[in-house]
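Right, one structure below, let's go through it.
Throughout, protein chains are lettered first and strands after them, A, B, ... in sequence-line order, and every chain is numbered starting at 1.
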2 protein chains.
Amino acid sequence: MEFNESKNIFLQIRDWVADQILQGKIVAGEKIPSVRELAVEMEVNRNTVMRSYSLMEEEGIIENKRGIGFFVATDAKRNLLKMQKQTFLSDELPSILHQIEVLKLNSVDLQILIQTIQSNDHENQ
Amino acid sequence: MEFNESKNIFLQIRDWVADQILQGKIVAGEKIPSVRELAVEMEVNRNTVMRSYSLMEEEGIIENKRGIGFFVATDAKRNLLKMQKQTFLSDELPSILHQIEVLKLNSVDLQILIQTIQSNDHENQ
DNA sequence: TTTAGTGTCATAATACACTATGACAGTATA
DNA sequence: TATACTGTCATAGTGTATTATGACACTAAA
């Protein structure tokens, strides 16, 4: 996997797994890749994956079953949605707004952005 | 200054100076804070500031005058606008779009974002 | 019971960001 | 000339992310 240089790998792995859950590619109760398995797949040391999983366990989005592996926790998706939404709005959005102001980006530059938001308006629930 | 944990300090200092230029708080030809001065102000080692300045010199947005200090390069603002705009659209926007889709953020959640973009539409030049 | 798969812990080594200092050459000013 | 600024370079130390391994307990299945 390709990692961003300016962000810790174990955090990017956490983000990747969280994204899989949010996209519904892994559902509650389902087993996620084993520590060793994901380490090989991402070409990373198993200790690094272990660190990501420990973090996610603390966050309550995955749970461990002795000798078997890690599983997606009940309500993981709902909790992730809540957490990530709040993080995005309070931590990331301000920086984004600032860049848009400074760079004077208008609705032509950001046409795709506006379309993406509007398409979410037409979704139910 | 408060730094983000998951991004290198010398990059954040670069971003800060670049932002000052983009906002017009420092103009072309003007002297920027000395290495030692900014180091004290940001409570950081002078070598770290030196690293940021070296990077910006390579990017051509500041220039050095022997024994005097660093100065904002001619066209620094114009070049920064071009560079940052491209970086934002190609590197950051895709990730933002992905998060908006996954988190199902609508125009109510992102009301401020839309307003910010629209206010740029009414600007001249 | 044996085998192969889980996570977990400990240890050591490497890489790099950041800090802490000292020293030196160039420039401006008193 | 003397002083006080500039940037620059070198050196050493610290903290931490990441890697590399080995060993161990637990579980499932042959």
B/Ile32 CD1 - D/dT6 C1' separation (whole Å):
12 Å

Base versus backbone protein contacts along nucleotides 25-30 of chain D [heavy-atom cut-off under 4.0 Å; B, S, -]
-BSS--

Return the value, rounded to whole Å, for the distance between atom CZ of A/Arg14 and atom P of D/dA17.
16 Å

I need the full list of salt bridge (Lys or Arg N to Asp or Glu O under 4.0 Å) pairs touching residues 38-51 of chain A, with sequence neighbours left out, sorted by first then second residue.
none

What is the distance, to the nearest angstrom, from the CD atom on A/Glu5 to the P atom on C/dA15?
17 Å

May I have all residue pairs that pass salt bridge (Lys or Arg N to Asp or Glu O under 4.0 Å) and include part of residues 52-63 of chain A, sequence neighbours excluded?
A/Arg14-A/Glu59

Gap between atoms CZ and P, on B/Phe71 and C/dT27 respectively (whole Å)
12 Å

Take the protein atom CG of A/Leu55 and the nucleotide atom P of D/dA17, then report the distance between them rounded to whole Å.
12 Å

Going by the rule ring-ring contact (aromatic ring centres under 6.0 Å, His included), which residues pair with B/Phe70 if we only count those two or more places apart in sequence or in a different chain?
B/Tyr53

Going by side-chain hydrogen bond (donor to acceptor under 3.5 Å, both in side chains), name the residues that satisfy it together with B/Asn79, two or more places apart in sequence or in a different chain.
none

With B for base contact, S for sugar-phosphate-only contact and - for none (protein heavy atoms under 4.0 Å), nucleotides 17-24 of chain C reads SSBBBBB-

Tell me, do B/Val72 and B/Ile61 make a side-chain contact under 4.5 Å, heavy atoms counted?
no

Compute whether any side-chain donor of one residue and acceptor of the other, for B/Asn8 and B/Gln12, lie under 3.5 angstrom apart.
no

Can you check the B/Tyr53 OH to D/dC9 P distance for me, whole Å?
17 Å

State which residues pass side-chain hydrogen bond (donor to acceptor under 3.5 Å, both in side chains) with B/Ser119; sequence neighbours excluded, sorted by chain then number.
none

A/Glu37 has an atom CD; how far is it from atom P of C/dT6, in whole Å?
6 Å

From CD of A/Glu57 across to C1' of C/dC9 the rounded distance in Å is 15 Å

Going by salt bridge (Lys or Arg N to Asp or Glu O under 4.0 Å), name the pairs with one or both residues in residues 20-37 of chain A, residues two or more places apart or in two chains.
none

Give me each pair satisfying salt bridge (Lys or Arg N to Asp or Glu O under 4.0 Å) with a member in residues 75-100 of chain B, each pair once, sequence neighbours excluded.
A/Asp109-B/Lys85, B/Asp75-B/Arg78

